[in-house]
K.L.:
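One structure, pasted below without further comment.
Only heavy atoms go into these numbers, but all of them, side chains included; no hydrogens, no water, no symmetry mates.
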Amino acid sequence: MASGRMGGPSAPPVRRDPYEVLCVSKDSSDQDIKAAYRKLALKYHPDKNASNPEASELFKEVAYSYSILSDPEKRRQYDAAGFEAFESEGIDMEIDLSSLGTVNTMFAALFSKLGVPIKTTISATVLEEALSGTVTVKPLPLGTSVTEKVDKQSAHFFGVTINDQQAQAGIVVRVTSAIQSKFKLLFFEQEANGGYDLALQEDSEKIGKVTSAAMYFLHFQVYRMDSVVNTLAMARDPEAAFFKRLEGLQPCEASELKPGTHIFAVYGDNFFKSATYTIEALCAKSYEDTTEKLKEIESKILAKRDALRQFEIEYRKALACFQEVTNKYTQEKQSVDELLKQRDNILSSFTIHRSVINSSGDANSSCKTPDEDIRFGSPNGSLDVKNKLNKKKWFNLNLNHSDRKG
């Protein structure tokens, strides 16, 4: 999770080492980084520090640092080149809806409606209540579903209890909304003090005519499609958008659950209204064929992603060659046309009429006398003869008229 303002995912004015900001070492695990972020995000969250602008800036710095270190590729780039690795591209961050004004919330809702993926963070109030253990947890037995309506920036908590056999078979928790509400599916780990600490979250995605989010604990790696990663990758290189369709494939962070009671929650993520949803918990024992098909298709998609990356390299090489050949074709065509035109001009020079062939191929007579025009049946020549005869006839008529007068 991370947070940012609607003005854009910008970095703090003075950037500190992300490891220093989160108080972790460079060899810290993903889990250590996540735990450090959650602790600092709660400490500096705007909800808790409404009158402290310094805390708000620290919160943004923590969010910015986590947006780098929580992404394996960005973390690798930072370790290799520091902040220079991100000079030409923005860091994608999340928005805390509770800290936005009405106008910015309306803009966020509009962009979301237009299909622009906008990530949001969870209200600090919800996280604090979970950590303190003061939330109400409703039981959700396996094989059952519950349909509810949750207010915006609020959460409903559910407890799913499983035994050894069910844990071994695998568990799926799924949330859908037939009216396409936006929500988050959350998974919490129980703390020693009885509170619940956020461990996983899945944002709802539009699939067909519904929005959906799910968590799969099936003892093998299941992947989710991050639409934001896909959108950013396509935006950077629209011409190669096809090759980026699988780049948003991200591994889910947990693949199994131990026997006991596990806490899930549905968080209302709509901009203005409550979210209507249905949550269900399933044991994979009844879906063995489906589980095997999922395992197989995940493997095929991963292989296809690797194949697409290699194919993109081959495609770009072939495209470069094609463009080079196309340019050469255009140049050669122009060269042939010019040579043939010059040849026509040269061949047309073999004439006693001294005709000049202009660039458009038209023959214009030069140094011709009126007699020549008459001799060769020139239309202009004929017109000149008629004019001369008319003039002579007019002269004779005048003379005759003068003689009569005399």
K.L.:
More than 12 foreign heavy atoms under 6.0 Å from OH of Tyr223: is that the case here?
P.N.:
yes
K.L.:
Does the side chain of Gln334 pick up a donor-acceptor pair with the side chain of Glu338 at under 3.5 Å?
P.N.:
no
K.L.:
What distance do Ile68 atom CD1 and Ile33 atom CD1 have between them, rounded to the nearest 0.5 Å?
P.N.:
11.0 Å
K.L.:
Regarding Glu296 and Lys300, does a basic nitrogen lie under 4.0 Å from an acidic carboxylate oxygen?
P.N.:
yes
K.L.:
I'd like to know if the side chain of Arg224 and the backbone of Glu202 have a donor-acceptor N/O pair within less than 3.5 Å.
P.N.:
no
K.L.:
Between the side chain of Tyr267 and the main-chain N/O of Ser123, is any donor-acceptor distance below 3.5 Å?
P.N.:
yes
K.L.:
Spell out, as yes or no, whether a donor-acceptor pair under 3.5 Å connects the side chain of His156 to the backbone of Thr136.
P.N.:
no
K.L.:
Could you tell me the separation between the CG atom of Leu69 and the NZ atom of Lys26, rounded to the nearest 0.5 Å?
P.N.:
10.0 Å
K.L.:
Examine the side chains of Thr278 and Thr147 and answer whether a donor and an acceptor come within less than 3.5 Å of each other.
P.N.:
yes
K.L.:
Kindly assign one of parallel, tilted or perpendicular to the pair Phe264 and Phe217, based on the angle between their ring planes and the thresholds 30° and 60°.
P.N.:
perpendicular
K.L.:
Locate the shortest heavy-atom distance separating Lys209 from Gln180; write the atom from each residue and the value.
P.N.:
O-NE2, 3.2 Å
K.L.:
How far apart are the closest heavy atoms of Pro259 and Asn163, and which atoms are they?
P.N.:
CB-C, 4.0 Å
K.L.:
Would you compute the distance between atom CD1 of Ile162 and atom CG of Asp164 and round it to the nearest 0.5 angstrom?
P.N.:
9.0 Å
K.L.:
Side chains of Gln221 and Glu298: closer than 4.5 Å at any heavy-atom pair?
P.N.:
no
K.L.:
Check whether any side-chain N or O of Ser132 sits under 3.5 Å from a backbone N or O of Glu128 as a donor-acceptor pair, and report yes or no.
P.N.:
yes
K.L.:
Taking only Lys NZ, Arg NE, NH1 and NH2, and the carboxylate oxygens of Asp or Glu, determine whether Arg309 and Glu312 approach each other closer than 4.0 Å.
P.N.:
no
K.L.:
Should we say atom CD of Glu54 is surrounded by more than 12 heavy atoms from elsewhere, each under 6.0 Å from it?
P.N.:
no
K.L.:
Are the ring centres of Tyr315 and Phe242 closer than 6.0 Å?
P.N.:
no
K.L.:
Salt bridge or not between Asp30 and Lys34? Use side-chain N to carboxylate O under 4.0 Å.
P.N.:
no
K.L.:
Tyr66 vs Tyr37 aromatic rings, parallel, tilted or perpendicular, using cut-offs 30° and 60°?
P.N.:
parallel
K.L.:
Could I get the full list of salt bridge (charged side-chain N to carboxylate O under 4.0 Å, His left out) partners for Lys138, not counting sequence neighbours?
P.N.:
Glu148
K.L.:
To the nearest 0.5 angstrom, please state how far the CG atom of Asp269 sits from the CZ atom of Phe183.
P.N.:
9.5 Å
K.L.:
For Tyr78 and Asp17, does a side-chain donor sit closer than 3.5 Å to a side-chain acceptor?
P.N.:
yes
K.L.:
Taking only residues two or more places apart in sequence, or in another chain, which ones meet Glu191 in a salt bridge (charged side-chain N to carboxylate O under 4.0 Å, His left out)?
P.N.:
none
K.L.:
Mind checking whether Phe187 and His262 have parallel, tilted or perpendicular rings, split at 30° and 60°?
P.N.:
tilted
K.L.:
Could you grab the distance from atom OG1 of Thr211 to atom NZ of Lys182, nearest 0.5 Å is fine?
P.N.:
10.0 Å
K.L.:
What I want to check is whether the side chains of Arg16 and Tyr64 have a donor and an acceptor closer together than 3.5 Å.
P.N.:
no
